[in-house]
Amino acid sequence: MLEIIKILLTVRITLSASLIADHVALSPKVVGERLAQDIHNYVMQQQLGYYPALDFFQQQGLLDTKLLAVVEDISGVSRQIVCKEIQLKLRTVFSTMRFGVIQTLAFKMPAIRIHEKNAIALLAQHYTPNTLRCELEVSLLRHHEHNKGVEKLAKQILLRRLGTSFEMMQVCAVRRIS
């Protein structure tokens, strides 16, 4: 008997600068470095004990609006590239495929301490808008007696099909949802 098994995959993907370069005006690395320096200066000046998320700076109007617009542009281009590549490489393998949350990690609060060694370099890496966290819901059509280990199978398919598509790809979580 056949059954449809749904699996939720959470993946962290970093795009290379060359994949993004044709679509945006500034390098993601340059944007990340500029954001890191501006944010670090503000945090030190205000004597905050942490580095806030970009939303804080957007809401307060504390960063250059043109720079923030570039972050949004790079983020949007990165999402488009990732979605297109995933659809192209996986649509024939899974019965169904649906994107969940796709978030640019630069918008999350950094897990970097102010007095940490290399804090500015780590902050620049965090604020570089070329790394995404992507949720992907897929389904496999399997015989009932062969449905054990489908999570591992889905992960292997993902890694095999997309392994060379991005600068870095890490499967963070795999969970069967039905």
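One is the number of the first residue; the rest follow in order along the sequence.
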As an exercise, state the distance from [atom1] of [X] to [atom2] of [Y], rounded to the nearest 0.5 Å.
{"X": "Ser75", "Y": "Leu68", "atom1": "OG", "atom2": "CG", "answer": "12.0 Å"}
{"X": "Thr14", "Y": "Leu19", "atom1": "OG1", "atom2": "CG", "answer": "11.5 Å"}
{"X": "Ile157", "Y": "Lys155", "atom1": "CD1", "atom2": "NZ", "answer": "13.5 Å"}
{"X": "Phe56", "Y": "Ile39", "atom1": "CZ", "atom2": "CD1", "answer": "10.0 Å"}
{"X": "Cys83", "Y": "Ile102", "atom1": "SG", "atom2": "CD1", "answer": "3.5 Å"}
{"X": "Leu153", "Y": "Ile7", "atom1": "CG", "atom2": "CD1", "answer": "7.0 Å"}

Between Val82 and Val11, does a side-chain contact (heavy atoms from CB on, under 4.5 Å) hold up when you go through it step by step? CA-CA 11 Å; Val82 165; Val11 186; over 6 Å; no

Considering only heavy atoms from C-beta outward, does the side chain of [X] approach that of [Y] to under 4.5 Å?
{"X": "Thr131", "Y": "Ile13", "value": "no"}
{"X": "Thr104", "Y": "Ile74", "value": "no"}
{"X": "Ile20", "Y": "Asn130", "value": "yes"}
{"X": "Leu63", "Y": "Leu67", "value": "no"}
{"X": "Val31", "Y": "Pro129", "value": "yes"}
{"X": "Thr96", "Y": "Val138", "value": "no"}
{"X": "Glu72", "Y": "Gln58", "value": "yes"}
{"X": "Arg176", "Y": "Val150", "value": "yes"}

Before giving the answer on side-chain contact (heavy atoms from CB on, under 4.5 Å), spell out for Asp64 and Arg34 the whole-Å C-alpha distance, their side-chain angles and the decisive distance to 0.1 Å. CA-CA 10 Å; Asp64 180 7; Arg34 171 82 187 277; 3.9 Å; yes

With sequence neighbours excluded, residues passing ring pair (Phe, Tyr, Trp, His ring centres under 6.0 Å) with Phe57: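 So Phe57 forms a ring pair (Phe, Tyr, Trp, His ring centres under 6.0 Å) with Tyr42.
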
Find out if a path of hydrophobic residues (ILVMFWY) with successive side-chain heavy-atom gaps under 4.5 Å connects [X] to [Y].
{"X": "Leu105", "Y": "Leu9", "answer": "no"}
{"X": "Leu158", "Y": "Val93", "answer": "yes"}
{"X": "Leu48", "Y": "Leu122", "answer": "yes"}
{"X": "Val101", "Y": "Ile86", "answer": "no"}

Passes side-chain contact (heavy atoms from CB on, under 4.5 Å), Asn41 versus Val43? Steps please. CA-CA 6 Å; Asn41 291 343; Val43 165; over 6 Å; no

Flag if over 12 foreign heavy atoms under 6.0 Å of CD, Gln47: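 Counting neighbours around CD of Gln47, 12 or fewer heavy atoms of other residues, nucleotides or ligands fall under 6.0 Å, so no.
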
Looking at every non-hydrogen atom in both residues, tell me the closest pair between [X] and [Y] and how far apart they are.
{"X": "Ser178", "Y": "Ile5", "result": "O-CG2, 3.6 Å"}
{"X": "Leu123", "Y": "Pro110", "result": "CD1-CG, 3.9 Å"}
{"X": "Leu136", "Y": "Met97", "result": "CD1-CG, 3.5 Å"}
{"X": "Gly49", "Y": "Ile114", "result": "C-CD1, 3.3 Å"}

Electrostatic pair Glu137-Arg98, nearest N-O below 4.0 angstrom: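 Salt bridge present between Glu137 and Arg98.
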
Residues Glu85 and Lys89 bridged, charged N to O under 4.0 Å: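 Looking at Lys89 together with Glu85, the answer is yes, because their closest N to O distance falls below 4.0 Å.
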
Can you tell me which residue pairs pass the ring-ring contact (aromatic ring centres under 6.0 Å, His included) test with a partner in residues 67-110, sequence neighbours excluded?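 Pairs touching residues 67-110 that pass the test: none.
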
Could you list the residues that satisfy side chain to side chain contact (heavy atoms under 4.5 Å, CB included) with Ser27, not counting sequence neighbours?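 Side chain to side chain contact (heavy atoms under 4.5 Å, CB included) list for Ser27, sorted by chain: Lys29, Val30.
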
Run through the side-chain heavy atoms of Ile, Leu, Val, Met, Phe, Trp and Tyr, join any pair under 4.5 Å, and report what else lands in Ile177's cluster.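 For the cluster that includes Ile177, the remaining residues are Leu8.
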
Decide side chain to side chain donor-acceptor pair (under 3.5 Å) for His40 and Tyr51; before the verdict, give the C-alpha distance in whole Å, the side-chain angles of both, and the deciding distance to 0.1 Å. CA-CA 7 Å; His40 179 76; Tyr51 292 111; 2.7 Å; yes

I'd like a table of donor-acceptor pairs (distance under 3.5 Å, sequence neighbours excluded) in which one partner is a side-chain atom from residues 166-175, with atom names and distances.
none

Under the side-chain hydrogen bond (donor to acceptor under 3.5 Å, both in side chains) test, residues paired with Asp55 that sit two or more places apart: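 side-chain hydrogen bond (donor to acceptor under 3.5 Å, both in side chains) check on Asp55 returns nothing, list empty.
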
Kindly indicate, with the supporting measurements, whether the criterion side-chain contact (heavy atoms from CB on, under 4.5 Å) is fulfilled by Ile81 and Ser78. CA-CA 5 Å; Ile81 292 169; Ser78 296; 5.9 Å; no

